[in-house]
Structures are given as structure tokens and as C-alpha cells.
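Heavy atoms only: backbone and side chains are in, while hydrogens, waters and symmetry mates are out.
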Protein chains: 2
Amino acid sequence: MITLPDTASPLYEKVKDYILANIGTGRWGKDRKLPSENELVASLGVSRMTVHRALRELTSAGFLIRLQGVGTFIAPPRPQSTLIEINNIAAEIIERGNRHRSEVLVLETIMPTKELALSFEFPKRVSIYHSVVVNFENDLPVQLEERFVNPSLIPDYDKQDFSKTATYDYLMQKTPVTEVEHIISAVPADAETARHLGIDVGACCLFLHRRTWTGAVVATISKLTYAGSRYSLGSRYSPSKNS
Amino acid sequence: MITLPDTASPLYEKVKDYILANIGTGRWGKDRKLPSENELVASLGVSRMTVHRALRELTSAGFLIRLQGVGTFIAPPRPQSTLIEINNIAAEIIERGNRHRSEVLVLETIMPTKELALSFEFPKRVSIYHSVVVNFENDLPVQLEERFVNPSLIPDYDKQDFSKTATYDYLMQKTPVTEVEHIISAVPADAETARHLGIDVGACCLFLHRRTWTGAVVATISKLTYAGSRYSLGSRYSPSKNS
DNA sequence: CATACATACATGTATATACTTTTGCCCGAG
DNA sequence: CTCGGGCAAAAGTATATACATGTATGTATG
């Protein structure tokens with residue numbers, strides 16, 4: 001029987017500390033398999049629910065991997081990927097000390113195309129909101145922003161004045177985002193895009209496709225086109241900001 | 001009594017979805033206070049532990065704020081930014097079930113231009129490693145990869161065979177990255193890029209500029225050019241994966 | 001009137017118990 | 001030797017219960 005430290009912290013935290021202290025010391029074999037919940041119950045003298053909570057939280061924090069029916073394992077060192085941050089364009093422009101202005105080209109209710117309804121994961125055809133806005137930095141158009149919005153989550157989208165409130169701000173305020181999908185690509189400007197952004201047809205544009213979810217429901221689909229010569233996505237990131 | 005959806009997902013997930021769906025609709029008053037655990041138990045017909053777990057996870061995901069003795073409240077909107085993930089291209093290609101191959105065009109030691117030395121934050125001119133590699137997905141060139149590497153951190157870079165080990169893997173293995181800077185833009189292909197990627201001059205390319213630091217020292221500078229028509233950066237991200 | 005106490009109610013922690021789902025493996029039938 | 005059934009083990013979920021701890025509030029008492 002192992003005795004956990006006699007501090008003020010809750011029991012499941014002590015169990016977490018105990019497990020963390022034993023990760024990396026090689027104490028748990030070269031297959032990096034932890035004792036089972038029931039073994040920990042026996043060796044630590046706490047209930048299985050408490051052990052389970054400790055293990056679940058360490059798993060969600062990325063330290064462990066658990067397989068039902070198999071066991072609990074130490075997670076491999078962090079996956080080789082880096083993150084970049086995508087900011088709200090209005091805020092970004094203002095932060096650079098420049099003036100931001102929006103021009104609303106379209107704000108309407110439409111029936112989605114079959115393809116769009118599919119992207120929304122709609123079982124049947126329901127009408128959705130559709131907006132097209134051009135964002136200016138010091139009177140120079142930098143971003144063409146087309147959005148499709150799920151009206152069941154954001155009811156009054158079509159009644160807003162998006163030349164005053166940025167669409168992004170309104171959406172973020174109205175509904176919590178639980179998941180985001182991004183696809184970034186480079187595309188040549190089509191005729192309409194070129195006209196709105198004041199660039200040549202065929203000029204390189206950065207194209208950002210974004211879907212956001214609230215729970216299991218697709219909340220918004222956005223297609224953001226940036227004039228390639230006038231804009232780039234940038235970020236600086238420290239991986240060491242995790243627990 | 002509210003009836004939760006009859007799906008296969010666990011009960012606490014349904015409770016989380018139910019709560020998320022009610023956040024932002026203004027359903028829970030202008031003080032943004034949620035019903036107490038016991039009220040949710042009564043209205044949803046589940047046990048308090050299940051409600052508690054749902055609320056605890058939403059709290060740790062940043063959606064809620066809980067005060068013992070007071071109640072549960074909707075958290076103020078999170079900082080408005082989202083993250084996208086940039087993966088190792090070799091790993092990405094293999095994960096898609098395709099074949100990855102590299103062709104090393106250049107691997108040499110050079111004296112940096114003044115501009116480059118500035119990017120490295122070098123006080124004086126020191127020689128650096130320089131590599132140019134084309135990455136193929138099933139014999140189709142998708143990425144032109146130019147790297148400048150700080151020899152004081154990665155000594156034997158010029159002696160590796162990068163048709164066998166991906167440059168990325170080698171660098172990640174050799175030195176820990178403490179900070180990353182990314183700039184993504186869309187550019188037309190110049191003559192040389194077009195030739196190496198097998199695309200037309202002027203075709204849209206995704207251009208990724210990356211600097212990595214190890215401590216206070218710039219370790220690598222990379223210029224990655226993706227054939228726009230053949231590649232897009234994608235990612236799906238759940239903000240709720242924090243502790 | 002002000003302070004102290006009692007009370008109610010909120011979330012936090014801990015346990016015991018039961019059942020479900022997934023997986024790995026042994027063992028026997030063919 | 002192979003296939004498949006069945007069993008055991010592991011994590012996952014759900015509940016009932018109890019007690020701990022923190023907060024707000026009303027009330028009795030000095």
C-alpha cells in the first residue's frame with residue numbers, strides 16, 4: 001500500500017501527482033503501460049471512481065492514452081505539429097493602428113445548394129443566412145468575407161448592421177464555438193472577387209475556408225478571400241504554453 | 001421534464017450538448033446564471049453526478065465559471081482567435097495513404113545575404129547551411145522546401161541524406177523548438193519554382209515562411225512553397241482540449 | 001442597531017455499486 | 001492447424017449516497 005502525501009489538496013489531485021511523478025522514470029516498464037484502475041485502487045487505497053477521475057483528467061491533458069479493454073499507456077511525446085493562430089481581421093487591423101471599415105454587399109436569407117446543405121450536415125433543406133462583406137484597411141480592400149449562418153443557432157443574423165459590428169464579433173458573442181475546421185489554400189481571383197478587392201483577375205489570393213460547430217451542429221461556414229499581395233497570415237507561438 | 005435526444009452518445013455528453021445549446025440563446029437570463037445542479041437533475045431526470053460531470057467538463061473547457069456556494073455562470077466570450085495546425089508534410093502524405101519521396105536539389109554551406117543574416121539575428125556574418133528539397137506525393141511534386149539552418153545548433157546538417165530522412169524529422173529530433181513564427185501568404189510561382197513543381201509560371205502557390213527558435217537563438221528559417229492547385233493546409237480543432 | 005448564529009442552498013469531493021462495451025486470449029470443435 | 005465461442009480483464013458510464021465547504025440570508029439576541 002502506497003501512502004499519498006498528507007496535503008490539503010483533493011485526493012484525485014494527489015493521485016494525478018503520483019502518476020505524473022511516475023511517468024518518465026521508466027517505472028512503468030518499456031511498454032509504458034500503467035497499472036489498471038483496480039490495481040491502483042488496491043495499491044493506493046482509494047475508490048475506483050477517484051482513480052478513474054485522475055486518469056481521465058490526465059488523458060484529456062494529453063499525458064495518457066487509454067484504450068477500453070486494453071489498458072492505460074503513457075502518451076508519446078507531443079506530436080510533431082505546430083499551431084498558428086487566426087485572428088479576427090477587424091481586431092487585427094485596428095491593432096496595427098490602421099482604420100477598419102466594412103461594406104455589406106449582401107445580407108439575405110437563401111435556400112442552400114445541395115452542396116452547401118451537405119456541408120451544414122442538414123438532413124433536409126432549410127433556409128440559411130448569407131452575407132458578403134468587404135473589409136477595408138485604410139480604404140484599401142483586403143478581405144472578401146462570405147458567410148453562411150445556421151439560423152437555428154443565430155436567429156437574427158439578417159437584421160444586424162455589419163458595417164458597425166464585425167460579423168465575427170457578432171457570431172462569437174452569439175454562440176459558443178466548440179470545434180473549428182480550417183482549410184487554407186491559394187487560388188486565383190475570379191472576376192467577382194477581383195472586382196470587390198480591386199485586384200486583377202487571376203491574381204493570387206489566400207483562401208480560408210472555415211466551418212464552426214456548436215455541439216454537434218454546424219454553426220457557420222465562412223469563405224474568406226484575402227488579396228494575396230496585401231495580406232498574410234502571421235503568428236508567433238510558444239509550444240511550451242501547455243500543462 | 002425535458003427529454004434528451006435518443007442518440008448513442010453517453011448521457012453526460014447529451015447534457016453538455018443541452019447546456020451548450022442553451023448558452024447564448026439568452027434562455028438563462030441576463031445575469032447568465034444557469035440552473036443549479038439539483039434543478040438540472042430534476043428537469044433532465046439524470047443523476048447529480050452526471051450533471052456535475054457535464055458542468056465540470058464545460059467549465060474546464062472554458063464555457064462556464066462555477067463558484068462554490070453561488071452557482072454556475074456562462075463565461076465571458078473567449079479571446080477571439082483560433083488555431084490551426086501545421087503538420088510535417090512527409091507524415092501528412094503517408095497518413096493519407098500516399099507515397100512520399102524527396103529529391104534533394106541543393107545541400108551546401110553558404111554565406112548568408114545581409115537580409116538573411118538579419119533574419120537569423122546574427123551579430124556578424126557566419127556561414128550557414130542551405131538546402132532545397134522537392135517533396136513528392138505519389139510522384140507529383142507538391143512542395144518546394146528551402147531551409148536555412150544555424151550550424152551552431154545543428155552541426156551535421158550538410159552531411160545527411162534527406163532523400164531518406166525528412167528534413168523536418170531530422171531538425172525536430174536534433175533540437176527542441178521553443179518558439180515558432182509563421183507567415184502564410186499566396187504568391188505567384190516564379191520561373192524556378194514553377195519548374196521544380198511542374199506548374200505554370202504565375203500559378204497560385206501557398207507560401208509558408210517559418211522561423212524556429214531554440215531558446216533565444218534562431219535555429220531554422222524555412223520557405224515552403226506549395227503548389228496551390230495540389231495542396232491545402234487543413235485542420236480541425238477543438239478549443240475544449242485544454243485543462 | 002449590530003452582531004452572531006442558524007439555515008438553506010450552492011458546488012466540491014469521495015465512495016460503493018452496478019452495468020456496459022471493447023478487447024485479448026484461451027480452448028475446444030472441426 | 002484454423003476458426004470461432006466464450007471468458008476474463010480493462011476502461012466507460014450511470015446512479016445513489018454521504019459528507020465537506022463556501023456563500024447568502026434571515027433571525028434572534030445583546
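A donor N or O paired with an acceptor N or O is not found under 3.5 Å between the base of D:dG22 and the side-chain atoms of B:Arg66. A donor-acceptor contact under 3.5 Å links the side chain of A:Gln68 to the base of C:dT21.
How far CD of B:Glu37 is from OG1 of B:Thr50: 10.5 Å, rounded to the nearest 0.5 Å.
For the pair A:Leu64 CG and D:dA11 P, the computed distance is 11 Å after rounding to whole Å.
Within the nucleic acid shown, A:Leu55 has no heavy atom closer than 4.0 Å to any nucleic acid atom. The residue A:Arg53 sits close only to the backbone: its heavy atoms come under 4.0 Å of sugar-phosphate atoms, none of a base.
Taking the charged nitrogens against the carboxylate oxygens, B:Lys16 and B:Glu57 do have a contact shorter than 4.0 Å, which makes a salt bridge.
Inspection of the B:Thr72 and B:Arg66 side chains reveals an N or O donor paired with an N or O acceptor under 3.5 Å.
Nucleotide D:dC1 has C:dG30 as its partner under the Watson-Crick or G-U criteria, with both atom distances under 3.5 Å.
Nearest-nucleotide positions on DNA chain C place B:Ser36 closer to the 5' end than the other of B:Arg56 and B:Ser36. Mapping A:Met49 and A:Leu67 onto DNA chain D via the closest heavy atom, the residue that lands nearer the 5' end is A:Leu67.
Between A:Trp28 and A:Tyr18, the ring planes lie perpendicular to each other; the angle is over 60°, past the 30° to 60° tilted range.
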